[in-house]
Amino acid sequence: MEYDEIDLRLRERDGRRVIEIDGYFRPHPESKPSEYRRHAIIDLTEDQAQTLHDELEECLTE
C-alpha cells in the first residue's frame with residue numbers, strides 16, 4: 001500500500017513508550033484529500049524503533 005502521508009506519535013502504554021506510525025492513503029486514485037483514510041501501519045517499542053532506524057540508515061547510505 002502506498003501512503004500520501006505518514007505520521008508518528010509517541011504514546012505511553014502500560015508504562016512503556018510506544019511509537020505509533022499511521023499513514024493516510026487514497027481509497028481511489030482520483031480521491032481528494034478530504035476522502036483520504038487513516039490506516040495504522042505499525043506500533044513499535046523503543047528498541048524496535050531503534051533497530052528499524054539503524055537498518056533504514058544503512059539502506060539509505062548504500
Would you give the length of the straight line joining atom [atom1] of [X] to atom [atom2] of [Y], rounded to the nearest 0.5 angstrom?
| X | Y | atom1 | atom2 | answer |
| --- | --- | --- | --- | --- |
| Q48 | I19 | CD | CD1 | 9.0 Å |
| T45 | R16 | OG1 | CZ | 6.5 Å |
| L56 | T51 | CG | OG1 | 11.0 Å |
| E5 | R38 | CD | CZ | 9.5 Å |

Exercise. Is atom CZ of R9 surrounded by more than 12 heavy atoms (other residues, nucleotides or ligands) closer than 6.0 Å?
Worked result: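 Atom CZ in R9 is packed in, count exceeds 12.
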Would you name the heavy atoms of [X] and [Y] that are closest together and state the gap between them?
| X | Y | answer |
| --- | --- | --- |
| T61 | E58 | OG1-O, 3.2 Å |
| I21 | D43 | N-OD1, 4.5 Å |
| Y36 | P27 | CA-CD, 4.3 Å |

Do [X] and [Y] sit in the same hydrophobic cluster, where Ile, Leu, Val, Met, Phe, Trp and Tyr count as joined when their side-chain heavy atoms come under 4.5 Å apart?
| X | Y | answer |
| --- | --- | --- |
| I42 | Y3 | yes |
| F25 | I41 | yes |
| L60 | L8 | no |

Exercise. Under 3.5 Å, side chain of E35 to main-chain N/O of K32, donor-acceptor pair present?
Worked result: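 Side chain of E35 to backbone of K32: a pair is present.
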